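Have a look at the structure below, then the notes.
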Amino acid sequence: MRIIETILASFVVIAALSFTSIFVVTPTSPKYDTTELQKLGYNVLHDLDKQGLLARYVYSGQWDEAKAALRVMLPLDVYFRLEVRYTNGTIINTTPIVYGDSATIASSKDVASITYGLPGYSTRVDATNYRACYDPRLLTLQLVRG
Amino acid sequence: MKRLSKNKRGQFVIIAVLLIAVMIISVAATMHRAATYYKHEPWDEYSTLISNIELSSRRLVELSLANYTRTSNASTLRNNLAKWQTDLTSMYPGYGIALRYTLSEGPSSILGRTFNFDRGLNQSWGQRASFSIAKANFTLDVTSIGLNGYKFSVLSLVNVTVRNVLSASGGKLLINVTITDENRAQMTGLKKENFLPEGFTYTNFGVTAEYDQTYSLIYMIACEGVAGSPSPVWVRMWDSRGIHVRAKYP
C-alpha cells in the first residue's frame with residue numbers, strides 16, 4: 001500500500017541530491033580551473049620579473065626567449081598566448097608568442113587572462129653609458145587548459 | 001477508518017521525506033556558501049597584483065636612480081612616478097587603483113649614515129666611500145577589494161668603497177673595492193665591464209672577485225702599464241641596474 005509513497009519519497013530524495021550537486025565546485029570544474037590558471041600565470045610572470053628576465057625579453061624584443069621561458073615554467077597541458085602592448089593599446093610583438101593551437105585558445109570558454117605591467121628597463125648603450133627610461137609596457141597572458 | 005489511517009501513514013512518509021530533502025538542500029546551500037565565500041574574491045590574484053605593483057614601483061625607482069646618476073636631473077624620479085601613477089589606472093581599469101608617493105627630502109639617516117635627499121635622490125661621489133641612493137614611500141589603494149592605505153617603501157642604494165690601492169713592481173696597480181647594496185649585502189656577479197679605473201694612464205686592466213675575511217667579498221682591479229704611483233685614483237662603477245657611482249682614493 002505504501003509502495004507508491006516510497007517511490008515518490010525516493011524521487012524527492014534523488015531530486016534534492018541532484019539539485020545540491022549543482023553547487024559543487026570540484027577541482028576539475030572549469031570555474032576552479034580558471035582561478036588556478038590565473039594564479040599560475042601571475043606567479044610565472046612575477047617570478048620572471050623578479051629574476052629580471054621578463055623586462056629583458058620584453059624591451060629587447062626577445063619573443064622566442066619569452067616563449068621558451070613560459071613553456072618551461074608552465075605545465076605542458078597549459079596553452080598560452082602573450083601579447084605585449086604600449087599603454088595606448090598598440091601591440092608591440094609582431095611575432096605571436098603562442099604555445100598551442102591559437103584557435104583553441106580563441107574559442108575556449110574558460111580562458112584565464114592575466115594583465116601585468118612593466119615600468120621600464122635600463123640597457124647598456126656603450127662602455128660608459130646606460131639608458132634608463134620610463135617606458136611602460138602592458139603584458140596580457142591568456143591561459144587555457146589543453 | 002482503518003484505510004484512512006493507513007493513508008495518513010503514507011502521507012506522513014512523504015512529508016517526512018520532503019522535510020529531509022529540505023534539510024539536505026539547506027545544509028548543502030550553507031556548506032556551499034561556507035566553502036566558496038573566499039573563492040568569490042580572487043585573493044591570490046589581488047595579492048599578486050599588489051606584488052606586481054610593488055615590484056614595478058621598485059624597478060621604477062631603480063631605473064630613475066640609474067637615469068639620475070647619468071644625467072644629474074633630480075626631477076627624474078618625481079616625473080617618472082607621476083607618469084606611473086596615471087598609467088597604472090589605465091593599465092588596470094576597473095580595479096580602482098590609486099598609488100600615492102612621498103619622496104625623501106633633506107637629511108635622513110639610513111643604515112647608520114646620513115643622506116641629504118633632493119626629491120628622493122642623492123649622490124655623493126669623489127670620496128673613498130661614495131654612493132648613489134633613492135628613497136620613496138608609497139601608499140596603495142585598490143578600492144575594488146576594499147584595500148586602503150597599503151604602505152610600502154623602496155630604497156635603492158649602491159655604495160662603492162675603495163679599501164686600498166697598492167703599487168707593485170712592473171707598472172702594476174691593484175685597487176681593492178667593496179660594493180654594497182640597500183640591504184648592506186655585498187654585490188655579487190660584477191665583471192670587468194662594470195668597472196672603469198680613471199685619473200691615471202694604464203694599458204690594460206682586469207677585475208677579479210675574491211673572498212675576504214673582513215669584507216666577505218672584495219673586487220680587485222688590477223691595472224697594467226701604470227707609470228709611477230698615481231694619486232688620486234678614481235674608480236667608476238655601474239651595477240646591473242645601471243646605477244653609477246664614482247669613488248676616489250684617497
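Every chain is numbered from 1, with letters handed out A, B, ... down the list of sequences. Everything numeric in this text was worked out from a predicted model, so none of it was measured.
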*Can you tell me how far CD1 of B:Ile15 sits from CD of A:Glu5, rounded to the nearest 0.5 angstrom?*
11.0 Å

*Name the region of B:Ile24, side chain, backbone, both or neither, that has any atom closer than 4.5 Å to a heavy atom of chain A.*
both

_Counting only non-hydrogen atoms closer than 4.5 Å, does B:Leu60 touch chain A with its backbone (N, CA, C, O), its side chain (CB onward), both, or neither?_
both

*Determine whether more than 12 heavy atoms belonging to other residues, nucleotides or ligands lie under 6.0 Å from atom CZ of B:Phe138.*
yes

*Contact leader toward chain A among B:Arg58, B:Arg70, B:Arg241, B:His244, where contacts are heavy-atom pairs under 4.5 Å*: B:Arg70

*Determine whether B:Leu49 and A:Tyr42 make a side-chain contact, defined as any pair of heavy atoms from C-beta on separated by less than 4.5 Å.*
yes

*What residue in B:Ala16, B:Ala66, B:Ser90, B:Ser51 has the most heavy-atom pairs under 4.5 Å with chain A?*
B:Ser51

*Taking C-beta and beyond as the side chain, do A:Thr87 and B:Met91 meet within less than 4.5 Å on heavy atoms?*
yes

*Is it the case that more than 12 heavy atoms not belonging to B:Lys192 sit under 6.0 Å from its NZ atom?*
yes

*Interface moiety of A:Leu118 toward chain B, non-hydrogen atoms closer than 4.5 Å*: backbone

*Can you measure from OG (B:Ser56) to CZ (A:Arg137) and round to the nearest 0.5 angstrom?*
13.5 Å

*Return yes when atom CZ of A:Phe11 has more than 12 non-hydrogen atoms of other residues, nucleotides or ligands closer than 6.0 Å, and no otherwise.*
no

*Side chain from CB out, backbone as N, CA, C, O: work out which of these in B:Tyr68 comes under 4.5 Å of a heavy atom of chain A, or both, or neither.*
neither

*For atom CZ of A:Arg131, is the number of surrounding heavy atoms from other residues, nucleotides or ligands below 6.0 Å larger than 12?*
no

_To the closest 0.5 Å, what do you measure between OG1 (A:Thr115) and CG (B:Asn52)?_
9.5 Å

*asked:* On a heavy-atom basis, which atom in B:Arg59 and which in A:Pro119 lie closest, and how many Å separate them?
replied: CB-CG, 4.0 Å

*Return the option, out of A:Ala132, A:Ala16, A:Cys133, with the maximum number of heavy-atom pairs under 4.5 Å with chain B.*
A:Ala132

_Testing the basics here: between A:Tyr134 and B:Asp87, what is the closest heavy-atom pair and its distance to 0.1 Å?_
OH-OD2, 2.6 Å

*asked:* Looking at every non-hydrogen atom in both residues, tell me the closest pair between B:Leu55 and A:Tyr116 and how far apart they are.
replied: CD2-OH, 4.0 Å

*asked:* Nearest 0.5 Å, please: how far is OG in A:Ser122 from CG in B:Asp239?
replied: 8.0 Å

*Please name the pair of heavy atoms, one in B:Leu63 and one in A:Gly120, separated by the smallest distance, quoted to 0.1 Å.*
CD2-C, 3.4 Å

